[in-house]
Protein chains: 2
Amino acid sequence: MGHEKIVLRGNPSLTESLKIVKDGLAQRRTVMVIGSCRVRYEGRASSTLQEGERILIVKDDGNLLIHRPYDLEPVNYMPSANRDEQDKLPTPRKAGGCLFEATSDGESLTIRAVRKEKRESISATFSRIYAVMGLDLVDRATFSLYASEEDMRRAILVEPALVEQGFRPTSFERRVEPGFVDVYGSDSEGRLVVIEIKRNAAGKDSALQLARYVESIRAQVTGTVRGILVAPGLARGVQPLLASLSLEFKPLSPRKAFEVLKSRGLVEQHELSAWF
Amino acid sequence: MGHEKIVLRGNPSLTESLKIVKDGLAQRRTVMVIGSCRVRYEGRASSTLQEGERILIVKDDGNLLIHRPYDLEPVNYMPSANRDEQDKLPTPRKAGGCLFEATSDGESLTIRAVRKEKRESISATFSRIYAVMGLDLVDRATFSLYASEEDMRRAILVEPALVEQGFRPTSFERRVEPGFVDVYGSDSEGRLVVIEIKRNAAGKDSALQLARYVESIRAQVTGTVRGILVAPGLARGVQPLLASLSLEFKPLSPRKAFEVLKSRGLVEQHELSAWF
DNA sequence: GAGTGGATTTCGCAT
DNA sequence: ATGCGAAGTCCACTC
């Protein structure tokens, strides 16, 4: 029993609701209740929310949300207790440290969650239930939030201060290798600057690649040549390697780059524009 | 048609789903779709989310949320376009500046939302729908949050002895050069007192911020100026920093502040029952 | 586990 | 509108 993909009841009886919620919680399914409720939270702060019609969601990892019919943010919520453990898992996770309890006094349905470590608890009491459901949802897809490396390069060209104050790009080359884009320029003291951009956390290969570029340039010119690795971050162990190669690191997130381009109206919106 | 409180279908046909979603959007009802979808967002950033089972909610004020079966935060979202207008309304609000569109190609259901001013848009395409519903929820209740930093400030104003015997507040949220002083007053010996309040354990930033305030005020007046950091505790390493800055620390928990307000009848009574 | 900084931050209040 | 600070911030990352 209870192995159905979806259990859903409209205008359920109290008994029916209690069973569906209890089963859903016990089986670590996503549980949703739509109805009129009062909510109380105590923990980091205290809050009360009087009777009103809302949507309550308990996800299968124990995260709890209570949404009003308006507002982007949940009016009440409680994070799952075991976030750290969850993050180690590549796929959907199950709750561990959060205690859930569904009870009924014959008139109403109360869902209560207690998070021991953080000493916080939340309680929602439904006096009326319009719909209740237990869901067994599967979502293993990866979420990608991005601006392209090309976007990062363009952002640096239009706003060189992203690299450092006084940086002036003088020329740039096309992509020489998948994943790498170069920008050349000079700093405030006239020194030559070679920039290598990486969209993801830069690994050793990036540092070594940049080192080769810098070395190549140094052989052709006189004077100091600085090598700067621009990336959202460094992979483990790259920091000391960079230092030993006398290279520098400048953090830049694709998001930041995207913002810069957007603020200048330079972002490509071919799909977006079609919608207007 | 469509005047029902709740329209709810399990395993609906594509045609049925499209109608319920279209009607719900047109009538500014809260719309919810549960199923397998792909999501694409463009605007402040860009994101893609491959096929997976999720919960999509369009609230009656136009806020859109897409939740995976895990995580506290929505994987994708789009704020309603008219937040400011909404905030002026005491009761449930309706969307204005957000364009919604529901379409079907015979195989899937696509819900799109476009926010013109912010130039952002989101699109969710459902290849499979387990449940779809249109809700007419009413929630006019007020949400009360206690033991906030604001409450701590109020508590100090009504009971200055929480800071120290003889303290007399003269003003609060006084504008000074670097920002705002939480509470401003004088001690039993007439010395000026500047108070910075923190709800959580105060960190280095709090100490430095208070130091800036004190410095600013010392530049404007003659005589001693005391800086007191009021917080439930100090983060590690802040104690010596405070000492080196010649600042003082007075422990005060939000809970205590709340108790004070409650004892004066300045907050709605509500029980703080045992958690376990 | 604590500290630091970012977020498609959101939210609220101030000028 | 804009800007600043708070948030029951959450969240990822580093030490």
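Throughout, a chain's letter reflects where its sequence line sits, starting with A, and its residues are numbered from 1.
Comparing dA6(D) with dA7(C), their C1' atoms sit 15 Å apart, to the nearest whole Å. Look at the P atom in both dC11(C) and dC11(D): the space between them is 15 Å, to the nearest Å.
Contact annotation: Tyr77(B) does not reach the phosphate of dT9(C) (side-chain N/O to OP1 or OP2, under 4.0 Å). Applying the 4.0 Å criterion to OP1 and OP2 of dT9(D), one finds that Asn200(B) has a side-chain N or O inside that range. Residue Arg44(B) places none of its side-chain N or O atoms closer than 4.0 Å to OP1 or OP2 of dG6(C).
Straight-line distance from the CZ atom of Arg115(B) to the P atom of dT8(C): 14 Å, rounded to whole Å. When the P atom of dT10(C) is taken as reference, atom CG of Asn63(B) falls 10 Å away, rounded to whole Å. Rounding to whole angstrom units, CG of residue Asn76(B) and P of dT10(C) are separated by 13 Å. To the nearest angstrom, P of dA7(C) lies 10 Å from CG of Leu252(A). Protein atom CG of Leu65(B) is 15 Å distant from nucleotide atom C1' of dC10(D), rounded to whole Å. Rounding to whole angstrom units, CZ of residue Phe249(A) and C1' of dT14(D) are separated by 13 Å. If you measure from atom CG of Leu145(A) to atom P of dC11(D), you get 15 Å, rounded to the nearest angstrom. Look at CZ on Arg212(B): it is 13 Å from C1' on dC4(D), rounded to the nearest Å.
Residue Pro79(B) is in sugar-phosphate contact alone, with no base atom involved, counting any heavy-atom pair closer than 4.0 Å across all strands shown. Using a 4.0 Å heavy-atom distance criterion, Phe143(B) is classed as making no nucleic acid contact. Met78(B) comes within 4.0 angstrom of nothing in the nucleic acid, heavy atoms only. Contacts of Asp205(B) with the nucleic acid, taken as non-hydrogen atoms under 4.0 Å apart, are absent.
Toward the 5' end of DNA chain D, the nearer of the two residues Glu149(B) and Glu73(B), judged by each one's closest nucleotide, is Glu149(B).
The existence of a salt bridge linking Arg264(B) and Glu159(B) is confirmed by a sub-4.0 Å separation between a basic side-chain nitrogen and an acidic carboxylate oxygen. For the pair Arg153(B) and Glu150(B), the salt-bridge criterion is met [side-chain N within less than 4.0 Å of a carboxylate O].
Taking every side-chain heavy atom of Leu72(B) into account, dC11(D) is the closest of dT8(C), dC11(D), dG8(D). Of the candidates dA6(D), dT8(C), dT4(C), the closest approach to any side-chain atom of Lys204(B) belongs to dT4(C).
By the 6.0 Å contact criterion, CZ on Arg218(B) is enclosed, its count of non-hydrogen atoms from other residues, nucleotides or ligands being greater than 12.
Annotation: side chain of Phe167(A) is in contact with side chain of Ile156(A) (closest heavy-atom distance under 4.5 Å).
A pairwise comparison of heavy atoms in Leu56(B) and Ala124(B) identifies CD1-CB, 3.8 Å as the closest pair.
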